[in-house]
Undergrad: 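The structure is given below, and queries will be raised subsequently.
Labels below follow one simple rule: chain letters A, B, ... track the order of the sequence lines, proteins then strands, and each chain is numbered from 1.
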Amino acid sequence: MAPLRFWILDVAGEVEEGGPMVWLWGVSGDGERVIVRSSFKPSFYIAPSEEPDSLASRIADLRLEGVESVSVVEKRLRGQPIKVVEVKCGVEDTKEVAERLRKRLPECGEIYGDDVRYSQKFLCLNKLAPCSWVSVEAIRSGHIGSYPMYTPVGRFEPAELVAPPDLRVLAFDAQYLSERGSPQPERDPVAIISIVSSDGSEGQFVGGESEVLRGFIRVVNSFDPDIVASFGSNKRHMPYLSARARRVLGGPLAIGRLGAEPHTSVYGHVSLQGRVNLDFQDMAEQTVELKLESLEAFTLFLGIKMDFDTVEEFDVAETWKRDRDRVLRYSLQRARAVMEMYRVLSDYVFSLSAITFMPADHVLTASTGFRVESRLMAFASGLGELIPRRREVSRETYPGAVVIEPKPGLHREVAVLDFRSMYPSLMLKHNISFDTVVTQDGDRPPGLDFGFRRAPQGFIPLALRELLDERLRVRAIIQRGSAGPVEMRVYEARERALKVTANATYGYLGWPAARWYSREAAEATTAWGRAVITSAIQKAGELGLTVIYGDTDSIFVNHDEAKISRLVEWVSQELGLEVRLEKVYQRAIFTEAKKRYAGLTTDGRLELVGLEAVRGDWSEIAKEAQAAVIESVLRSGSWSAGLLKAREYIKKIREGHVPLKKLVIWKQITRPLEDYEATQPHIVVAKQLLEEGWRITPGDKVGFVITRGPGRLYEKARPYFKASQDLIDWEYYLEKQVLPSCLRVLEPFGVTEKDLRKSPEGVTLTDFA
DNA sequence: GCAATCCACGTACCG
DNA sequence: ACCGGTACGTGGATTGCG
């Protein structure tokens, strides 16, 4: 019998007559879609407050519902060996069983691992990473629906193949028609569903709504995709389409495998049986470079070349009446864009999934903290380390990083040095972990009254070591250059995912809701970080370098190669850390403020940091003006060019020569509207929109413009799509947008507001000599 | 009684 | 629903002056 080799698409817990079962959905080496079905009885553990054997028999005697067997096993708790009672359950929900036990024996001891999800336990115990190849001796035991079913008889072994199999991908977009405000499934129909599939075919369903929905369901089932990709399925399309199917068809939106309908699962993601539901909106929302998380903006960010004839949401119903083809075209463009996103991003998504042990559809929705935690949980299983229950502990604040006061003005030849992976390196170097904290002796962070034992290696350093070793291995393969182009892409994506995960570990330890929250570990990491950068800065001074700026793990100095290499050498020798020359700015502007500067790189790129020009809550015109001013100054090397540029923009504003779109200010709604204490323009606008039937939920961004009139700003703010050019308060855009953003970067040169207000004509540079 | 000043709130950024 | 450090606009309360 040849072992079955397959790529894990998804994992699900299924309740069957004989007890709980795990179904692994996969694609086999010969392209078959398979179900690998295992019986799996999940356990939880008790660190007993009495003799373990006697507790075990007391628990067994309770004959609790759901308990299959009770035994005493050897595990580890914070690195120390410990005898614990293992309660094996005959049901999926170990939390419920543990709850029953706690009711009967409140004093039995600390309970571990009962709140870990069933399918996650299975993946952890078998070291099964989703989105990777695995092989197992298995018996083919019939079919479920049209899918061959296998029963494993041996252990799962990771298989070497790197690239995913040929997956069938279906990208879709849907458009809804609403007469008033946001579409509501109780009221408004689905107008279009557009699909694009990986075999190159495209299609649209229009016409009667029941035909639209039936057509979509039919195509999904006949094409039988492994991946269903979209932009906005979790929060919008799946719930909407499901609700409409119930209403219009009187039945489920049967687009999962075996006719299942989508169901909402953990982290607010929608799950499709046997398929991976990839929602790139989740990814867009986590992309910090994006200021507005639209499909168009994300497409552009990814470097996908596409022309959109955008029909904005507020305009769909209107356009549908006037120019139906335009809406159709736009919807298809969206579906095509989603398919392109899949091509660009799938390697990274699969890598992240494999590294975090989270199925691909979960991993996009999960926040960073949960991704790190999921990986740590898998790592803990391997060590036999017990997994603590999640519980909210009170937050204890602690000091973070240092930021050096910048030297304002224009600088030439600025070298940017940074510590490589500073926090992970420090955690490894000092054995920082929740399980290595000691109050006596140990390796002590400066200024703190606790330390870390030097040996044995703690849980976090071990986990980091594994991540970093894996990253080094992947890098070596990339540098060898022997892998094929597809494998290369996969390796590169994997390397990025490993780096992201390692770098997030510090933040995780300082997160009070983390299972392995450790204020001590987080606090020590930043304390050592401060010490390290402070001493490097001091050394830089001693070597005769001028320190212009520094933040957390970066130091900006004049580009003196000899001195810099001495500094790099010193850091390596004395601090045992790696500092490298990351980049050089030909010229750079620093303001009085920390975290706000701009530089022109040696290869001619403009970098803007922290300034209005990179903020999402300033109007496009103010950002554009500031960026132009900075660019003039940096490229010419003199501030006077920037002054002239600023005046050009001021003139544009005075003349009202700016399109409305560039005047929109976007601000995020971060909480339910009724929770706001202060009156703010974007909240006032949001409340108006809500009143008019628009759905406004936390996370949404509200776009508004400031119009002429009396009163407070919030009285003059209007939704951007309900304002027109002739209503604009140009004075506001001059005084509170363009003027301040330009002045911000010119002020260090002694330029005043008055200088900016002079008209561009009739003013010569000698006026400022 | 009014303008200047101060401060809390809120958002978004940096690393 | 990852951390702390930081900047800064706005609204509204407080302060300072007469």
Undergrad: Using a heavy-atom cut-off of 4.0 Å across all strands, would you classify A/Gly507 as base, sugar-phosphate, or nothing?
TA: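 Base contact.
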Undergrad: Round to a whole Å and report the spacing from CD1 of A/Ile669 to C1' of B/dA12.
TA: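 It is 14 Å, rounded to the nearest whole Å.
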Undergrad: Using atom CG of A/Asp617 as one end and atom P of B/dG10 as the other, report the distance to the nearest whole Å.
TA: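 So the two atoms are 15 Å apart, to the nearest Å.
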Undergrad: Pick base, sugar-phosphate or nothing for A/Arg395, based on heavy-atom distances below 4.0 Å to the nucleic acid.
TA: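 Here A/Arg395 touches the backbone only, sparing every base.
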Undergrad: Which is true for A/Ala504 with a 4.0 Å heavy-atom rule: it touches a base, it touches only sugar-phosphate, or it touches nothing?
TA: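 If one applies the 4.0 Å heavy-atom cut-off, A/Ala504 turns out to touch a base.
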Undergrad: Using a heavy-atom cut-off of 4.0 Å across all strands, would you classify A/Thr670 as base, sugar-phosphate, or nothing?
TA: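 If one applies the 4.0 Å heavy-atom cut-off, A/Thr670 turns out to touch the sugar-phosphate alone, with no base involved.
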Undergrad: Test ring pair (Phe, Tyr, Trp, His ring centres under 6.0 Å) on A/Phe721 and A/Trp694; report intermediate values, then the result.
TA: CA-CA 13 Å; A/Phe721 57 87; A/Trp694 294 95; 5.7 Å; yes
Undergrad: Please determine whether a side-chain nitrogen or oxygen atom of A/Lys701 lies at a distance below 4.0 Å from atom OP1 or OP2 of B/dT11.
TA: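 So the side chain of A/Lys701 is outside the cut-off, no N or O lying under 4.0 Å from OP1 or OP2 of B/dT11.
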Undergrad: Could you check A/Arg708 against A/Glu731 for salt bridge (charged side-chain N to carboxylate O under 4.0 Å, His left out), going step by step and ending with a plain yes or no?
TA: CA-CA 9 Å; A/Arg708 278 196 312 276; A/Glu731 199 194 337; over 6 Å; no
Undergrad: Round to a whole Å and report the spacing from CD of A/Glu612 to P of B/dT11.
TA: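 From A/Glu612 CD to B/dT11 P: 18 Å.
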Undergrad: Using the ring centroid of each side chain, check whether A/Trp666 and A/Tyr720 are separated by less than 6.0 Å.
TA: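 Here the rings of A/Tyr720 and A/Trp666 have centres that are less than 6.0 Å from each other.
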Undergrad: Using chain A heavy atoms and a threshold of under 4.0 Å, write down where along DNA chain C the contacts begin and end, 5' to 3'.
TA: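 Going 5' to 3' along DNA chain C, contacts run C/dA1 to C/dG12.
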Undergrad: May I ask you to say what A/Tyr597 touches in the nucleic acid, namely base, sugar-phosphate or nothing, with a heavy-atom cut-off under 4.0 Å?
TA: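 Counting heavy atoms under 4.0 Å across all strands, the contact made by A/Tyr597 is with sugar-phosphate only.
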Undergrad: Check the distance between B/dA12's P and A/Gln286's CD and give it to me in whole angstrom.
TA: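 Taking CD of A/Gln286 and P of B/dA12, I get 16 Å after rounding.
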Undergrad: Salt bridge or not for A/Arg744 and A/Glu592, using N-O below 4.0 Å?
TA: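 Not counted as a salt bridge, because no side-chain N and carboxylate O are separated by less than 4.0 Å.
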Undergrad: For B/dC14, does either OP1 or OP2 sit under 4.0 Å from a side-chain N or O belonging to A/Tyr549?
TA: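 No, because none of the side-chain N or O atoms of A/Tyr549 sits under 4.0 Å from OP1 or OP2 of B/dC14.
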Undergrad: Report yes if the side chains of A/Thr501 and A/Leu467 come closer than 4.5 Å at any heavy-atom pair, otherwise no.
TA: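 They are in side-chain contact.
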Undergrad: Which whole-number value in Å describes the distance from A/His682 NE2 to B/dG10 C1'?
TA: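 Distance check: A/His682 NE2 to B/dG10 C1' gives 7 Å.
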Undergrad: Only one of A/Met377, A/Arg371, A/Arg375 passes side chain to side chain contact (heavy atoms under 4.5 Å, CB included) with A/Glu373; say which it is.
TA: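 Only one option passes, and that is A/Met377.
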Undergrad: Would you mind classifying the nucleic acid contact of A/Val372 as base, sugar-phosphate or nothing, using non-hydrogen atoms under 4.0 angstrom?
TA: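 Nothing, no nucleic acid heavy atom in range.
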Undergrad: Mapping A/Tyr714 and A/Arg744 to their closest nucleotides on DNA chain C, which lands nearer the 5' end?
TA: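 Looking at the nearest nucleotide for each, A/Arg744 comes out on the 5' side.
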Undergrad: How close or far is atom P of B/dC13 from atom NZ of A/Lys667, stated in whole angstroms?
TA: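 My rounded result for the distance is 11 Å.
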Undergrad: State whether A/Tyr676 and A/Arg671 meet the cation-pi test: NZ (Lys) or CZ (Arg) under 6.0 Å from the six-membered ring centroid, and within 45° of the perpendicular axis.
TA: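 The answer is yes, since A/Arg671 meets both limits relative to A/Tyr676.
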Undergrad: If you measure from the Lys or Arg side-chain nitrogens to the Asp or Glu carboxylate oxygens, is any gap between A/Glu691 and A/Lys687 under 4.0 Å?
TA: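 A/Lys687 and A/Glu691: not salt-bridged.
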Undergrad: Side chains of A/Arg515 and A/Ile387, heavy atoms from C-beta outward: is any pair under 4.5 Å?
TA: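 SC-SC contact between A/Arg515 and A/Ile387 confirmed.
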Undergrad: A/Arg371 near the nucleic acid: base, sugar-phosphate alone, or nothing, with a heavy-atom cut-off under 4.0 Å?
TA: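 It contacts nothing in the nucleic acid.
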Undergrad: Looking at A/Gln680, does any N or O in its side chain come under 4.0 Å of the phosphate oxygens OP1/OP2 on B/dC9?
TA: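 For B/dC9, OP1/OP2 do not have a side-chain N/O of A/Gln680 under 4.0 Å.
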Undergrad: Reckon A/Ala522 touches a base, only the sugar-phosphate, or nothing at all at heavy-atom distances under 4.0 Å?
TA: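 Answer is nothing: A/Ala522 stays at 4.0 Å or more from every strand.
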Undergrad: Regarding A/Lys594 and A/Asp551, does a basic nitrogen lie under 4.0 Å from an acidic carboxylate oxygen?
TA: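 Judged by the 4.0 Å cut-off on N to carboxylate O distance, A/Lys594 and A/Asp551 do not form a salt bridge.
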Undergrad: Which parts of residues 730-740 of chain A get close to DNA chain C, meaning a heavy atom less than 4.0 angstrom away?
TA: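 Those residues are A/Tyr732, A/Lys736.
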Undergrad: Just to be sure I understand the rule, does A/Phe370 reach a base, reach only the sugar-phosphate, or reach nothing, if contact means heavy atoms closer than 4.0 Å?
TA: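 Base, at least one base heavy atom under 4.0 Å.
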Undergrad: Expressed as a whole number of angstroms, how long is the span from A/Arg712:CZ to B/dC9:P?
TA: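 After rounding, the gap between these two atoms is 17 Å.
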Undergrad: Do you know which of A/Leu278, A/Leu302, A/Leu345 makes side chain to side chain contact (heavy atoms under 4.5 Å, CB included) with A/Met283?
TA: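 With A/Met283 as partner, side chain to side chain contact (heavy atoms under 4.5 Å, CB included) holds for just one option, A/Leu345.
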Undergrad: For the helix from B/dG1-C/dC17 to B/dG15-C/dC3, what angle lies between the axis at the first five pairs and the axis at the last five pairs, to 10 degrees?
TA: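 Taking the rotation axis at each end, their angle is 30°.
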Undergrad: Could you walk me through whether A/Trp511 and A/Tyr506 satisfy the ring pair (Phe, Tyr, Trp, His ring centres under 6.0 Å) test, starting with their C-alpha distance in whole Å, then the side-chain angles of each, then the deciding distance to 0.1 Å, before giving a yes or no?
TA: CA-CA 9 Å; A/Trp511 177 37; A/Tyr506 150 72; over 10 Å; no
Undergrad: Report which part of the nucleic acid A/Arg390 touches: base, sugar-phosphate, or nothing (heavy-atom distance under 4.0 Å, all strands).
TA: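 Nothing: the residue A/Arg390, judged by heavy atoms under 4.0 Å, touches no strand.
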Undergrad: Applying a 4.0 Å non-hydrogen cut-off, can you work out what A/Pro512 is touching in the nucleic acid: base, sugar-phosphate, or nothing?
TA: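 The residue A/Pro512 makes sugar-phosphate contact but no base contact.
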Undergrad: Would you classify A/Lys595 as touching base, sugar-phosphate or nothing, given that sugar-phosphate means primed atoms plus P, OP1 and OP2, and contacts are heavy atoms under 4.0 Å?
TA: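 The residue A/Lys595 makes base contact.
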Undergrad: Under 4.0 Å between any heavy atoms, over every strand shown, what does A/Val402 touch: base, sugar-phosphate, or nothing? Just pick one.
TA: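 The residue A/Val402 makes no contact with any strand.
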Undergrad: Could you state the interatomic distance from OH (A/Tyr423) to OG1 (A/Thr526), rounded to the nearest 0.5 Å?
TA: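 Taking OH in A/Tyr423 and OG1 in A/Thr526, the distance rounds to 5.5 Å.
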